[in-house]
Q: 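I'd like to ask you about the structure that follows.
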Amino acid sequence: MANTSGLISPSTFTLKQINNHLTPPPPAFSQSGFYLFNRISVHKLRFRCCSSIHGGSGAAHKHAPSQSPIPKWVTQGCKLVGCGSAVPSLNISNDDLSSIVETSDKWIYERTGIHNRRVLSGKDSLTGLSEMAARRALEMAQVEPDDVDLILMCTSTPEDLFGSAPQIQRALGCKNSPLSYDITAACSGFVLGLLSAACHIRGGGFKNVLVIGADSLSRYVDWTDRKTCIIFGDAAGAVVVQACDGNEDGLFGFDFHSDGEGQKHLNATMREDNDQEDVLGTNGSAADFPPKRSSYSCIQMNGQEVFRFAVKCVPQSIESALGKAGMTSSDVDWLLLHQANQRIIDKVSEKLQIPSERVISNLANYGNTSAASIPLALDEAVRSGKVQPGHTIAASGFGAGLTWGSTIMRWG
């Protein structure tokens with residue numbers, strides 16, 4: 001199990017200690033990848049760059065006091081300046097599902113909080129939805145496609161084995177050929193994309209990063225399995241993360257984990273096509289050659305175990321991210337969780353003592369849209385006027401892997 005400590009945490013150093021220990025930096029990047037300036041404003045002294053990765057079970061390596069590294073002060077900030085989303089036109093209601101499997105609107109809603117979900121159909125594509133969401137985010141941010149210098153496509157269901165991000169870049173018409181690549185972390189993918197964007201901006205000099213969360217899990221659902229077909233839907237959401245001065249920084253703290261032991265509770269594993277004939281027969285070293293064609297199974301999920309995992313780990317992760325940001329839950333304007341199940345959302349908010357009126361949820365209308373769920377809900381909340389510039393949001397994604405992670409961010 002690994003824990004990413006996050007990019008920013010409150011400094012415990014005093015101004016006197018800083019004057020004693022901070023030496024003038026060379027005109028280059030520090031080992032952490034973040035540029036150090038000779039003059040640091042008082043506001044920037046709140047933040048320290050933390051780029052280490054350590055064990056989450058108490059096995060982390062700890063520096064002795066005499067070995068403690070000099071803190072790397074963040075002088076390059078990043079902030080969220082635009083959002084957008086898109087969903088397929090086909091709506092599948094709980095009543096529609098009751099004609100396929102033995103269920104009802106009441107049974108599904110009481111257990112999940114879901115009434116409807118959107119599903120790709122006809123000529124719809126995940127790439128098309130992602131392009132639409134990206135364009136809307138760029139329009140809100142007043143950023144031209146040619147000014148984008150990085151595209152992060154957070155998805156577990158790309159329409160090309162080698163990734164979908166370059167196709168988004170082509171569809172947007174970005175003439176400068178910005179770097180574009182996929183991030184696969186299931187329902188945690190979008191918040192991991194925010195961490196990646198922050199790293200690229202603070203350490204790599206990128207200016208405008210497009211982070212897209214998009215998934216089409218309907219393609220991997222067994223529509224005769226009542227336990228899973230009622231849950232998932234398709235969607236895309238996007239945000240623009242933009243470089244800014246350090247005193248405008250809007251990504252305050254991160255916390256990320258993985259636990260491969262939990263893979264047995266939520267997965268869609270690879271399977272071989274057993275109908276393929278053995279071209280070379282069964283003699284000698286050719287017995288297993290050529291390899292059989294493979295595909296992925298439908299989603300397999302142990303709902304009770306996933307629920308236990310989420311209500312235990314997600315509050316801890318959010319509290320850890322808040323601690324690194326120097327905040328508590330009382331500083332949070334909005335709680336924005338991956339839209340997996342309303343019972344999970346309610347239980348996590350209860351543990352964090354965040355009232356329901358400060359919790360963003362659109363699960364009832366779209367179901368679990370995996371990596372798209374957080375940016376989709378954020379976009380609706382921003383465009384409806386619920387989330388205002390300056391509001392602080394605690395966001396957390398969790399799911400297959402198992403993976404989970406949180407970020408504390410400010411909108412606008």
Q: Would you call Met301 and Leu266 a side-chain contact if the rule is heavy atoms closer than 4.5 Å?
A: yes
Q: Set out, in order, the CA-CA distance, both residues' side-chain angles and the distance that settles side chain to side chain contact (heavy atoms under 4.5 Å, CB included) for Asp333 and Trp411, then state yes or no.
A: CA-CA 10 Å; Asp333 295 300; Trp411 173 252; over 6 Å; no
Q: Does Glu139 pair with Arg136 as a salt bridge, N-O distance under 4.0 Å?
A: no
Q: Using the side-chain contact (heavy atoms from CB on, under 4.5 Å) rule, pick out the option among Val209, Asp149, Asn208, Leu251 that qualifies with Ile201.
A: Val209
Q: With heavy-atom distances below 4.5 Å as the criterion, would you say the side chains of Met153 and Ser130 are in contact?
A: yes
Q: What do you reckon, is NZ of Lys312 surrounded by more than 12 foreign heavy atoms closer than 6.0 Å?
A: no
Q: Taking the side chain as every heavy atom from C-beta outward, state whether Asp379 and Leu376 have any pair of such atoms under 4.5 Å apart.
A: no
Q: Considering only NZ, NE, NH1 and NH2 on the basic side and carboxylate oxygens on the acidic side, decide whether Asp147 and Lys207 come within less than 4.0 Å.
A: no
Q: Could you tell me which non-hydrogen atom of Asp182 sits nearest to which non-hydrogen atom of Pro158, and how far apart they are?
A: OD2-CB, 3.7 Å
Q: State whether the side chain of Ser384 and the backbone N or O of Glu380 hold a donor-acceptor pair below 3.5 Å, judged by distance alone.
A: yes
Q: Taking Leu337's backbone N and O only, do any of them form a donor-acceptor pair with Gln339's side chain (distance below 3.5 Å, no angle check)?
A: yes
Q: For a quick check under 3.5 Å, do Asp95 and Ser98 share a side-chain donor-acceptor pair by atom type?
A: no
Q: Looking at OG of Ser396 and CD1 of Ile345, how far apart are the two atoms once the value is rounded to the nearest 0.5 Å?
A: 11.0 Å
Q: Could you walk me through whether Val143 and Leu210 satisfy the side chain to side chain contact (heavy atoms under 4.5 Å, CB included) test, starting with their C-alpha distance in whole Å, then the side-chain angles of each, then the deciding distance to 0.1 Å, before giving a yes or no?
A: CA-CA 10 Å; Val143 172; Leu210 187 58; over 6 Å; no
Q: To the nearest 0.5 Å, what is the distance between CG on Asn341 and CD1 on Ile114?
A: 7.0 Å
Q: By the definition side-chain contact (heavy atoms from CB on, under 4.5 Å), identify the one residue from Ile354, Thr407, Leu352 that meets it with Ile318.
A: Leu352
Q: Over all heavy atoms of both residues, which pair between Ser373 and His338 is shortest? Give the atoms and the distance, please.
A: OG-ND1, 2.7 Å
Q: Heavy-atom distance under 4.5 Å between the side chains of His115 and Ser93, does that happen here?
A: no
Q: Just by modelled atom types, is the Cys298 backbone N or O under 3.5 Å from a matching donor or acceptor in the Gln300 side chain?
A: yes
Q: Hey, could you give me each pair passing side chain to side chain donor-acceptor pair (under 3.5 Å) that has a residue in residues 346-359? Not counting sequence neighbours.
A: Gln342-Asp346
Q: Give the minimum heavy-atom separation between Ala236 and Ala214, together with the two atoms involved.
A: CB-CB, 3.7 Å
Q: Within a strict 4.5 Å, meaning less than it, do heavy atoms of the Leu192 and Cys154 side chains meet?
A: no
Q: With sequence neighbours left out, what residues match Tyr296 under ring pair (Phe, Tyr, Trp, His ring centres under 6.0 Å)?
A: none
Q: Any salt bridge between Asp249 and Arg202, counting N to O under 4.0 Å?
A: yes
Q: Please say whether more than 12 non-hydrogen atoms of neighbouring residues, nucleotides or ligands are located less than 6.0 Å from OH in Tyr109.
A: no
Q: For side chain to side chain contact (heavy atoms under 4.5 Å, CB included), just list the numbers for Leu138 and Glu144, CA-CA rounded to whole Å, side-chain angles, deciding distance to a tenth of an Å, and then say yes or no.
A: CA-CA 7 Å; Leu138 290 171; Glu144 295 296 324; over 6 Å; no
Q: Would you name the heavy atoms of Val101 and Cys229 that are closest together and state the gap between them?
A: CG2-SG, 4.1 Å
Q: To the nearest 0.5 angstrom, please state how far the OG atom of Ser218 sits from the CG atom of Leu120.
A: 5.5 Å
Q: Looking only at the side chains, is there a donor atom on one of Ser330 and Thr328 sitting less than 3.5 Å from an acceptor on the other?
A: yes
Q: Quick one, Lys324 and Phe254 - any side-chain contact, counting heavy atoms below 4.5 Å?
A: no
Q: Regarding Ser406 and Asp255, do their side chains bring together a donor and an acceptor under 3.5 Å, going by distance alone?
A: no
Q: Within a strict 4.5 Å, meaning less than it, do heavy atoms of the Ser89 and Asp124 side chains meet?
A: yes
Q: Could you give the distance from CD1 (Ile374) to CD1 (Ile393), rounded to the nearest 0.5 Å?
A: 10.5 Å
Q: Is the His391 ring parallel, tilted or perpendicular to the Trp334 ring (thresholds 30°, 60°)?
A: tilted
Q: Does Asp146 offer a backbone N or O that forms a donor-acceptor pair with the side chain of Asn176 under 3.5 Å?
A: yes
Q: Taking atom CD of Gln388 as the centre, does the number of heavy atoms from other residues, nucleotides or ligands within less than 6.0 Å exceed 12?
A: yes
Q: Please find the pair of heavy atoms, one from Ala186 and one from Ala371, that lie closest to each other, and give the distance.
A: O-CB, 3.5 Å
Q: Report the C-alpha separation of Val239 and Phe190 in whole Å, then their side-chain angles, then the decisive distance to 0.1 Å, and conclude whether the side chain to side chain contact (heavy atoms under 4.5 Å, CB included) test is met.
A: CA-CA 10 Å; Val239 298; Phe190 178 75; 3.7 Å; yes
Q: Quick test of your reading: applying salt bridge (charged side-chain N to carboxylate O under 4.0 Å, His left out), list the pairs with at least one residue in residues 209-230, sequence neighbours left out, ordered by first then second residue.
A: Glu159-Arg219
Q: Would a distance-only check, ignoring hydrogens and angles, find a side-chain to backbone donor-acceptor pair under 3.5 Å from Ser177 to Cys174?
A: no
Q: For the atom pair CG (Asn116) and CG (Asn362), what is the distance rounded to the nearest 0.5 Å?
A: 12.0 Å
Q: Does Trp404 reach the side chain of Val191, with side-chain heavy atoms less than 4.5 Å apart?
A: no
Q: So, Ser216 side chain and Leu126 main chain: donor-acceptor pair closer than 3.5 Å or not?
A: no
Q: Please name the pair of heavy atoms, one in Ile360 and one in Ala381, separated by the smallest distance, quoted to 0.1 Å.
A: CD1-CB, 4.0 Å
Q: Working to the nearest 0.5 angstrom, can you tell me the gap between Ile230 CD1 and Arg117 CZ?
A: 7.5 Å
Q: Is a side-chain N or O of Arg343 found less than 3.5 angstrom from the main chain of Gly113, in a donor-acceptor match?
A: no
